[in-house]
Amino acid sequence: MRKVVVIGSINVDMVFTSSIRPNAGETVLGQNFYTIPGGKGANQAVAASKLGSSSYMIGCVGSDGNGDFSIQNLKEMNVDITCIEKINSVPTGVANIVVAEGDNSIIVVPGSNYKLTKEIINKNKYVIQDADIVLIQLEIPVEVVEYTVELCKKYNIKVMLNPAPALKLSDNLIQNSTYITPNEHELKIIFGKDNSENTDDILRQYPNKLIVTMGSKGVKYFDGEEIRIIPAYKVDILDTTGAGDTFNGGLASALVRGENLEEAIKFANKAAALSITKLGAQSGMPTLEQLENLEDLF
């Protein structure tokens with residue numbers, strides 16, 4: 001299998017489900033509560049593993065029960081855990097997720113994720129140098145992201161940057177990334193654009209680099225000649241948590257298998273669509289076998 005190295009956050013998600021979303025100052029009765037493994041980095045590593053890649057995780061957890069829980073889960077999901085650091089001074093990252101009215105609201109407390117340093121990256125450089133693609137997000141210190149992407153550029157390693165949570169990106173980070181996968185809102189933030197500006201003009205400046213997810217409207221990118229829109233698959237939605245992470249893990253897995261960008265996006269779209277028919281980020285992610293056996297549903 002081809003190697004996907006994921007560098008990013010490892011969280012424990014506390015998920016509350018309700019038929020309605022509470023307003024400020026309002027209390028509502030919920031339906032269920034779950035404690036499940038999460039974090040964009042860990043989610044994407046699990047997605048890549050489930051979808052057929054050899055997946056490695058570089059990140060930090062606290063020396064606590066949530067950290068042990070997270071590491072054990074990644075191990076069970078066939079993600080290589082040898083590059084995960086345990087930090088004594090801060091707890092494992094957590095996320096509070098409210099699932100209501102067909103969507104989710106999330107508060108993240110980064111915890112040990114912000115203890116990922118350049119030194120830890122250098123310690124695990126041997127794994128990065130052997131990667132077919134490095135997948136990274138912005139739930140870790142941005143200076144570590146920039147350093148890692150520069151390192152990958154030096155060693156000619158492809159990088160997929162998922163710019164979430166979004167912030168304005170430096171020119172170097174944009175140029176050194178092979179692929180950048182924002183949603184429509186994130187696209188404007190990372191380029192410092194006003195909401196009224198036409199984002200298609202941005203896409204045309206970065207052929208086959210910017211891959212913009214648009215939810216039910218699909219995915220768009222500029223192929224060098226025209227702006228292409230790859231439609232989303234229509235499914236019954238149960239929980240959208242982790243759909244973007246499934247897309248990114250699926251896209252990375254398809255690309256390292258040698259699929260062209262269009263086919264890789266179609267594969268990632270299918271994986272993301274199936275993921276939102278189930279509850280939970282990682283638990284809802286499909287396996288490669290499940291996707292291959294569900295052709296008739298799409």
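Here the structure is a predicted model, which is why all the values come from computation and not from measurement.
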Check: Judged by modelled atom types alone, do S63 and N88 share a side-chain donor-acceptor pair under 3.5 Å?
Finding: yes
Item checked: With sequence neighbours excluded, residues passing ring-ring contact (aromatic ring centres under 6.0 Å, His included) with F33 -> F16
Notebook entry, point to check: Do N11 and S9 have side-chain atoms, one donor and one acceptor, less than 3.5 Å apart?
Noted result: no
Next item on the list: Go through the structure and list residues passing side chain to side chain contact (heavy atoms under 4.5 Å, CB included) with E226, not counting sequence neighbours.
Entry: D223, R228
Notebook entry, point to check: Charged N to carboxylate O under 4.0 angstrom, K220 versus D200?
Noted result: yes
Atom pairs and distances, donor-acceptor, side-chain atoms in residues 165-173, under 3.5 Å, two or more places apart:
| from | atom 1 | to | atom 2 | distance (Å) |
| --- | --- | --- | --- | --- |
| S170 | OG | E146 | OE2 | 3.4 |
| S170 | OG | L173 | N | 3.1 |

Item checked: Salt-bridge contact D130-K3 (side-chain N to carboxylate O under 4.0 Å) -> yes
Notebook entry, point to check: Mind checking who shares a hydrophobic cluster with Y114, ILVMFWY linked at side-chain heavy-atom distances under 4.5 Å?
Noted result: none
Next item on the list: Report the residue from V134, V149, I120 that forms a side chain to side chain contact (heavy atoms under 4.5 Å, CB included) with I7.
Entry: V134
Check: In terms of side-chain geometry, is the basic nitrogen of E143 or K118 positioned less than 4.0 Å from the acidic oxygen of its partner?
Finding: no
Next item on the list: Inspect the contact between K123 and E85 and indicate whether a charged nitrogen and a carboxylate oxygen are less than 4.0 angstrom apart.
Entry: yes
Which donor-acceptor pairs under 3.5 Å do side chains of residues 244-257 form with protein atoms, sequence neighbours excluded?
| from | atom 1 | to | atom 2 | distance (Å) |
| --- | --- | --- | --- | --- |
| D245 | OD1 | Q44 | NE2 | 3.0 |
| D245 | OD2 | N43 | ND2 | 2.9 |
| T246 | OG1 | G242 | O | 2.8 |
| N248 | OD1 | T181 | OG1 | 2.6 |
| N248 | ND2 | G244 | O | 2.8 |
| S253 | OG | A48 | O | 3.3 |
| S253 | OG | S53 | OG | 2.9 |
| S253 | OG | G249 | O | 3.0 |
| R257 | NH1 | L51 | O | 3.2 |
| R257 | NH2 | E259 | OE2 | 3.2 |

Notebook entry, point to check: Are K266 and E263 close enough for a salt bridge, meaning some N to O gap below 4.0 Å?
Noted result: yes
Notebook entry, point to check: Which other residues belong to the hydrophobic cluster containing V28, where Ile, Leu, Val, Met, Phe, Trp and Tyr are joined when side-chain heavy atoms lie under 4.5 Å apart, directly or via other members?
Noted result: I20
Notebook entry, point to check: Are R2 and S54 linked by a side-chain donor-acceptor pair shorter than 3.5 Å?
Noted result: no
